[in-house]
Amino acid sequence: MKGRIVYIEELKKHVGEEVEIRGWVYNKRSSGKVRFVIIRDGTGFLQCVMVKSNLADEVFELYDELSLETSVIVKGKAREDRRAPGGVELELQDLKIMGKSVNFPIPKVREDNIPDVGVLLPIRHLWLRTRKQWALMRIRHTVEKAIHDFFDKNGFIRIDAPILTPSACEGTTTLFETDYFGEKAYLTQSGQLYMEAACMAHGRVYCFGPTFRAEKSKTRRHLMEFWMVEPEIAYAELPDIMENAERFVSYIVERVLEERKEELKTLERDISKLEHVSPPFPKISYTEAVEILKKKGFKFEWGEDFGGDEETAISEEFDKPVIVHRYPAKIKAFYMKRDPQNPELALCMDMLAPEGYGEIIGGGQREDSLEELEKRFDEYDLPKEAYEWYLDLRRYGTVPHAGYGLGIERTIAWISGIKHVREAIPFPRLLEKIYP
RNA sequence: UCCCCGGUAGCUCAAUCGGUAGAGCACCUGGCUGUUAACCAGGGGGUUGGGGGUUCGAGACCCUCCCGGGGAGCCA
């Protein structure tokens with residue numbers, strides 16, 4: 001076969017030319033002697049037209065073998081046509097079947113016939129080929145790219161945190177344990193403590209990578225393995241990172257709206273809910289949040305932590321992400337700096353996404369005093385020996401510093417408007433599920 | 001670990017008071033020279049998750065086990 005090899009996304013530039021497209025059969029329709037084959041190649045979808053009178057019989061007959069997901073190389077002339085989805089179609093001249101596909105297990109997607117997740121999850125490797133999952137992965141790519149661009153433009157250095165760690169970062173959640181040459185080691189649940197070290201070397205740093213929680217959580221907001229981005233800034237205090245976080249999230253949303261309009265449309269996302277996401281975000285204290293809950297009839301005592309329902313109720317009050325700051329220190333991690341105005345409070349903040357997507361950011365100002373931190377180790381009953389390196393950061397030129405972590409999958413789920421975070425990651429690791 | 005919902009054709013779901021298991025999609029056969037989730041006509045396809053019980057009779061009611069889902073706790 002001749003013809004320039006092109007991708008569907010650039011086909012508009014080749015109208016009138018003979019081109020070759022390499023992809024997979026997405027769907028087909030026939031009207032007898034005019035047949036339509038929809039091909040996808042990873043960059044888009046293309047309608048190919050097979051006209052009996054214009055094709056060799058043996059090519060025209062190949063239509064019968066084009067079951068869903070058959071891989072094909074097609075050659076034809078690109079032309080504009082209003083009747084073609086996307087406005088451009090290929091008048092087919094030749095077709096070669098590369099690999100057959102018999103009884104592809106995911107049926108053509110109709111609104112009333114979407115297989116259950118119990119069916120789809122074990123075939124995630126094939127599920128990824130479907131239109132919505134394809135759109136989601138492209139949005140994920142843009143979210144990740146935007147993250148790196150934002151921090152790069154703002155003078156941050158990317159520092160990779162270790163995956164294998166000698167001890168818990170926060171000491172609370174259950175970790176995955178592994179054997180490290182006879183020693184116990186754990187899969188990281190946060191790169192934060194390492195970023196605190198790195199920001200004392202580089203000023204502004206961030207890490208980006210997977211984190212692991214062995215919690216028995218089985219909800220639409222939880223994965224055992226998820227990705228997190230964690231910036232940390234030396235000489236920053238709580239207001240600085242609240243401001244940074246709202247600019248950061250706004251930038252991500254803006255980039256997705258710019259670059260992934262089509263994908264959001266495929267997902268039927270109401271983008272009017274994203275268009276006004278820009279700084280400043282509403283900022284309320286924990287105490288004010290508790291008042292909102294009480295006004296809404298929740299049975300809630302000051303001092304408790306918010307559950308899923310509470311978070312949803314609070315975020316419902318606002319049309320963009322809301323920052324809740326200064327939680328009771330007791331329900332927060334040991335490294336949080338206490339509020340000098342009220343030592344019962346921690347200088348921390350969470351960002352709650354709208355529409356019930358929950359907490360997408362958690363962070364705060366870190367305790368920078370050696371004496372205070374040592375006291376905290378006793379209070380939280382943590383082994384000081386394991387954290388000597390962390391205490392060193394306070395022994396050698398300590399400064400105020402602050403940072404936060406943003407959950408990638410929750411952010412993608414919110415922006416995309418999907419129900420469950422498991423669709424925001426290519427191969428989700430779920431409770432007691434690690435296949436494929 | 002606990003609570004709630006569910007399991008019927010390959011997929012999504014029906015099945016009235018307990019009375020002969022059905023539809024759409026997929027698949028197969030035929031038709032159609034512009035289809036848009038194509039359409040039209042026909043066809044094959046079921047130990048109703050397993051076991052036990054009640055009953056003249058159970059997909060449905062009872063007991064029990066298994067599997068799936070999402071919620072609590074915990075968290076991004």
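Proteins get letters first, then strands, A, B, ... in listed order; numbering begins at 1 in each. What you see is a predicted model; the values in this text were computed from it and never measured.
Base contact: A:P85 has a heavy atom under 4.0 Å from a base atom. Across all strands, A:T219 comes closer than 4.0 Å only to sugar-phosphate atoms, never to a base (heavy-atom distances). Residue A:S67 is classed as having no contact, given no heavy-atom separation below 4.0 Å to the nucleic acid. Nucleic acid contact class of A:E91 (heavy atoms, under 4.0 Å, all strands): none. Nucleic acid contact class of A:K332 (heavy atoms, under 4.0 Å, all strands): none. Here A:S53 lies in heavy-atom contact (under 4.0 Å) with a base. Within 4.0 Å (heavy atoms only), A:R221 reaches at least one base atom of the nucleic acid. As judged by a 4.0 angstrom heavy-atom cut-off over every strand, A:L223 is placed among the base-contacting residues. Across all strands, A:V117 comes closer than 4.0 Å only to sugar-phosphate atoms, never to a base (heavy-atom distances). Counting any heavy atom pair closer than 4.0 Å across all strands shown, A:L406 reaches no nucleic acid atom.
Checking B:G34 for Watson-Crick or G-U wobble geometry (two distances, each under 3.5 Å) identifies no partner in any strand. Nucleotide B:G24 forms a Watson-Crick or G-U wobble pair with B:C11, both donor-acceptor distances falling under 3.5 Å. Judged by Watson-Crick or G-U wobble contacts below 3.5 Å, the nucleotide B:C56 has B:G19 as its partner.
Look at the C1' atom in both B:G6 and B:U12: the space between them is 14 Å, to the nearest Å. Nucleotides B:G24 and B:G42 place their P atoms 10 Å apart, quoted to the nearest Å. Straight-line distance between the P atoms of B:A23 and B:U16: roughly 16 Å, to the nearest whole Å. With both ends at atom C1', the span from B:A37 to B:U64 equals 44 Å, rounded to whole Å. Separating the P atom of B:C62 from that of B:U54 is a span of 15 Å, rounded to the nearest Å. Between B:C11 and B:G46, the two P atoms lie 14 Å apart (nearest whole Å). Taking atom C1' in both B:C2 and B:G18, one finds a spacing of 34 Å when rounded to whole Å. Spacing of C1' atoms, B:G70 relative to B:G52, comes out at 30 Å, to the nearest Å.
When each of B:G71, B:G69, B:G34 is scored by its nearest atom to the side-chain atoms of A:R220, the top-ranked nucleotide is B:G71. Distances were taken from every side-chain heavy atom of A:V34 (C-beta onward) to each of B:G70, B:G73, B:U33; the shortest belongs to B:U33. Nearest to the side chain of A:E215, among B:G24, B:C74, B:G68, sits B:C74. Of the candidates B:G68, B:G34, B:A76, B:G68 carries the atom nearest the A:K433 side chain, counting heavy atoms from C-beta on. Side-chain proximity of A:Q47 to B:U35, B:U33, B:U12: nearest is B:U35. Nearest to the side-chain atoms of A:R422 among the listed nucleotides B:A37, B:G69, B:C75 stands B:G69. Of the listed nucleotides (B:C32, B:A76, B:C11), B:C11 has the atom at the smallest distance from the side chain of A:P107. With B:C75, B:A37, B:G34 as the choices, the nucleotide that has an atom nearest any side-chain atom of A:N27 turns out to be B:A37. Ranking B:A76, B:C74, B:U12 by closeness to the A:V119 side chain, first place goes to B:U12. Minimum atom distance to the side chain of A:K218 is reached by B:G69, of the listed B:A76, B:G69, B:C11.
Donor-acceptor pairing under 3.5 Å, judged by distance alone, is absent between the side chain of A:R213 and the base of B:G73. Side-chain atoms of A:S217 and base atoms of B:C75 include no donor and acceptor less than 3.5 Å apart. Side-chain to base pairing of A:R410 with B:C75: one donor and one acceptor N or O lie within less than 3.5 Å of each other. For A:N103 against B:G10, a side-chain-to-base donor-acceptor contact under 3.5 Å is absent.
We find that OH of A:Y63 is positioned 13 Å from C1' of B:U33, with the value rounded to whole Å. Distance, A:E409 CD to B:C75 C1': 14 Å, rounded to whole Å. Here B:G30 presents its P atom at 14 Å from NZ of A:K33, a figure rounded to the nearest Å. Counting to the nearest Å, the C1' atom of B:G34 and the CG atom of A:L46 are 15 Å from each other. Note: CZ (A:R35) to P (B:G34) measures 13 Å, nearest angstrom. Atom CD1 in A:I114 sits roughly 20 Å away from atom P in B:G24 (whole-Å rounding). Following rounding to the nearest Å, A:D116 (CG) and B:C11 (P) show an atom-to-atom distance of 10 Å. We find that CG of A:D309 is positioned 15 Å from C1' of B:C75, with the value rounded to whole Å.
For B:A76, neither phosphate oxygen OP1 nor OP2 lies less than 4.0 angstrom from any side-chain nitrogen or oxygen of A:H222. Residue A:K52 places none of its side-chain N or O atoms closer than 4.0 Å to OP1 or OP2 of B:C32.
Checked against the 6.0 Å centroid criterion, the rings of A:F281 and A:F318 do not qualify as a close aromatic pair. With ring centers used as reference points, A:Y335 lies 6.0 Å or more from A:Y390.
With A:F45 as the aromatic partner, A:R131 meets the cation-pi criteria of under 6.0 angstrom to the ring centre and within 45 degrees of the ring axis.
With values rounded to the nearest 0.5 angstrom, A:L126 atom CG is found 8.5 Å from A:L128 atom CG. Rounded to the nearest 0.5 angstrom, A:I412 CD1 and A:E423 CD are separated by 12.0 Å. Here the CD1 atom belonging to A:I97 is positioned 8.0 Å from the OG atom belonging to A:S67, to the nearest 0.5 angstrom. Rounding to the nearest 0.5 Å places CD1 of A:I147 at 12.0 Å from CE of A:M228.
Between A:Q133 and A:R124, the closest side-chain pair of non-hydrogen atoms falls below 4.5 Å. Side-chain contact between A:V25 and A:F104 is absent, with no heavy atoms from C-beta onward closer than 4.5 Å. At a threshold of 4.5 Å between non-hydrogen side-chain atoms, the residues A:K28 and A:Y63 count as touching.
A:F226 qualifies as a stacking partner of the B:A76 base, centre to centre under 5.5 Å and near-parallel within 30°.
Mapped onto RNA chain B by nearest heavy atom, A:G358 and A:K28 fall at different nucleotides, with A:K28 at the one closer to the 5' end. When the nearest nucleotides of RNA chain B are assigned to A:V421 and A:L430 by heavy-atom distance, the more 5′-ward of the two goes with A:L430.
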